[in-house]
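Below is one structure, written out as structure tokens; the observations come after it.
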Amino acid sequence: MDLGNLTQGALPASAANTRHEANNSTTSWLPHLPDDVLETLTLLLGPQFNLLLKLLMVLYNIVGGHFGFDPTYPLSAFGFHSLARQYFMASIELIKWFASQPSLVNSRSLTAETVSNSVWDDKDGTGLITKRVSSDGSNAYLNFLTQKTKAAPRFTPALGTHGFWFRGRYFRLHRKQESLYDANRPFGIPQYKDKEIIFLSCFGRSPEPLKELLKHCKEQFYITHQAKTTIRRPAPEAIRKGRRNNWQQVLSDINEYLHPATLRWYANRSIPLRRGYLFYGPPGTGKTLFSFALAGVFGLDIYVISLLDPSLTEEDLLALFTSLPRRCVVLLEDIDTAGLKRTDDPNADEKSSENWKVSDLARELKRHQRGDASENKGISLSGLLNAIDGVASHEGRVLIMTTNKPETLDEALIRPSRIDIQIGFTNATQEQARELFVRMYKPDSTDDPNPFPPVPTPTAPNLNTLAEKFARQIPPGVFSPAELQGFMIKRKGKPKKAADDVGR
Ligand SMILES: Nc1ncnc2c1ncn2[C@@H]1O[C@H](COP(=O)(O)OP(=O)(O)OP(=O)(O)O)[C@@H](O)[C@H]1O
């Protein structure tokens, strides 16, 4: 009986790839035992056959690791390599998890990759920080962006074949690169693309161990990525112009907070190093924009967490805060709409039901659709507080909460040491309206490689006159910057029309 045929019939279609790979491999000259002998051996020895393999693996682990040979070599010598090859199954594409496996990272053949995350593993990092000077030269802020260039590389197994253990089972990993011809490129220009393929294989007939391994890798990935959005390096342009005192106050405060000397100061006094800010004000006044710009100025990643996400549980939130990098900005948006309730208040459910909002209804509907109405009761206030400043919460992060209704927030949420600075955002002043107008209608930079014809813009003296005219007609504190921006976007490329229309 042909074992190859048996394998092909019993395993998923992709097993064929593995067989093909095996036939092309450099080990195809190795002695083959006749199929019927192999079959007989398997039938006769059954579990013991498996035990024999395990014994060889253990021996390898103890002795082989020191001399760098592969456990399948002794198998090959007995002719079992071929058997193993033909019993190997599904080929799968994946990467990343391997980089965290000690047995693979200690392999003799490694590839070094630059990664942004490892910068946060740095304990102090005093020598790695650069400074960004504000456009008028008056302020210098710490900047963590360039740390990433100096961060330690991450080591992954190099191209070729490697072995590793997972849950008591031996797996082989084969990394290879192929150049694929891609004829469907835009503008009809075909191109060769490098593609990396990873083959995973293990002993046995069942694909279950591979599925289990992949499931594990996926779980590990989602544990760190669930229910959060990572946005990298937003343009800090908007903030550089923030001349308002309270904006400067936040900038200076964060600058001092992130300084390595502050870390030592807090540590010496056993005070947890955390900083919280509350940005409150009407919609569209720049609370989110300012948060993103802060992350840009300091070169930090920003994590936007939506407490309204119906699938978010308190456990998720805790896991998420635990896995945050050492220095980052965490943004909790519209905290007043999150329906946070105290779990120790027996009437909380009753009270909130009198005051239901559309967002609450949407959340409940989604929960029912998912069929988990009984399990997920949303995030409670204590659950959030626990995540924010419980033992699991990382020190060094900048927490920002935004709200339109600060008066509705629970005192516990914004007490000092959770929220250190509160900043009010207001609707646009006339000066802001003027600045917005200039920003909106000024000519684009000439070094910008823009493939589209430029939008006509007025000359500088004209632009300033129109901006003054526009601003004079804006009643202070009535319109949000977002509303003014929307008004001007409707009149894109028509500053005169905008200045004329605004008074009507
Ligand atoms: N001070 C400002 N300068 C320039 N543009 C602004 C300013 N404030 C707001 N905008 C514009 O308005 C848009 C909306 O702003 P943003 O989302 O930051 O408001 P918000 O205060 O967070 O609103 P909400 O409370 O509804 O979340 C921004 O994308 C930006 O284009």
Side-chain angles (χ1 to χ4, degrees), residues 134-136 228-229 231-251 254 276-297 300 302-309 329-340 357-359 362 398-409 413-414 419 421-442 444 455 463 467 470-471 474-493 495 498 502:
S134 58
S135 50
D136 58 359
K228 75 182 180 191
T229 308
I231 298 159
R232 296 180 185 275
R233 294 192 283 280
E237 196 58 44
I239 205 174
R240 291 209 194 111
K241 298 209 165 191
R243 288 188 207 128
R244 288 196 259 165
N245 287 343
N246 49 11
W247 290 21
Q248 290 296 352
Q249 186 195 350
V250 177
L251 280 163
I254 296 182
Y277 303 88
L278 178 72
F279 297 165
Y280 63 89
T285 47
K287 301 180 289 296
T288 311
L289 181 76
F290 185 52
S291 311
F292 279 37
L294 281 174
V297 165
L300 299 175
I302 181 165
Y303 292 77
V304 184
I305 300 173
S306 168
L307 296 177
L308 287 175
D309 181 345
V329 177
V330 181
L331 177 61
L332 294 175
E333 283 228 81
D334 301 321
I335 195 93
D336 54 290
T337 57
L340 297 172
K357 301 185 202 84
V358 178
S359 56
V398 175
L399 177 69
I400 300 176
M401 298 187 207
T402 70
T403 178
N404 299 140
K405 297 179 193 154
E407 65 284 356
T408 62
L409 297 181
L413 189 60
I414 52 173
I419 292 296
I421 295 184
Q422 300 193 14
I423 300 290
F425 285 67
T426 54
N427 282 331
T429 59
Q430 290 192 330
E431 172 58 12
Q432 263 185 305
R434 196 192 62 76
E435 275 180 15
L436 267 173
F437 189 95
V438 172
R439 187 155 68 90
M440 194 63 78
Y441 293 114
K442 74 173 185 208
D444 287 336
V455 175
L463 179 63
F470 177 81
I474 300 291
V478 173
F479 299 106
S480 69
E483 285 173 312
L484 295 183
Q485 186 176 279
F487 176 86
M488 288 183 268
I489 286 174
K490 276 193 193 148
R491 293 156 183 83
K492 188 151 74 67
V502 74

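Counting starts at 1 for both ligands and their atoms, in listed order. Basis for what follows: all heavy atoms, side chains included, without hydrogens, waters or symmetry-related copies.
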Practice problem: State, with a plain yes or no, whether a side-chain heavy atom of L294 is found less than 4.5 Å away from one of Y277. | Solution: no
Quiz item: Relative to the heavy atoms of L436, which atoms of ligand 1 are at a distance of less than 4.0 Å?
Solution: 4 (C), 5 (N)
Exercise. Would you sort out whether D336 and L409 count as a side chain to side chain contact (heavy atoms under 4.5 Å, CB included), showing the intermediate values?
Key: CA-CA 6 Å; D336 54 290; L409 297 181; 4.0 Å; yes
Quiz item: Is atom CZ of F479 surrounded by more than 12 heavy atoms (other residues, nucleotides or ligands) closer than 6.0 Å?
Solution: no
Quiz item: Which atoms of ligand 1 have any heavy atom of Q432 under 4.0 Å away?
Solution: 1 (N)
Practice problem: Pick out which of V297, I400, V304, V329 makes a side chain to side chain contact (heavy atoms under 4.5 Å, CB included) with F292. | Solution: V304
Quiz prompt | Any donor-acceptor N/O pair, Y441 side chain to A467 backbone, under 3.5 Å | solution = no
Practice problem: List every atom of ligand 1 that sits less than 4.0 Å from any heavy atom of L289, numbering the atoms from 1 in the order shown and giving each element. | Solution: 5 (N), 6 (C), 7 (C), 18 (O)
Quiz item: Heavy atoms, side chains only, cut-off 4.5 Å: are L463 and F437 in contact?
Solution: yes
Quiz prompt | Shortest heavy-atom approach to atom 8 (N) of ligand 1 - which of G286, A293, S291 | solution = G286
Quiz item: Going by heavy atoms in the side chains, are N427 and V478 under 4.5 Å from each other?
Solution: no
Exercise. Would you please determine whether E435 falls within less than 4.0 Å of ligand 1 on a heavy-atom basis?
Key: no
Exercise. Using a strict cut-off of 4.0 Å, indicate which atoms of ligand 1 neighbour a heavy atom of P283.
Key: 23 (O), 24 (P), 25 (O), 26 (O)
Quiz item: Heavy-atom contacts under 4.0 Å between K287 and ligand 1: side chain, backbone, both, or neither?
Solution: both
Quiz prompt | N404 neighbourhood, listing ligand 1 atoms whose heavy-atom distance to it stays under 4.0 Å | solution = 25 (O)
Quiz item: Taking N or O atoms only and a 3.5 Å limit, does G284 qualify as a polar contact for ligand 1?
Solution: yes
Quiz prompt | Numbered atoms and elements of ligand 1 in range of D334, under 4.0 angstrom, heavy atoms | solution = 27 (O)
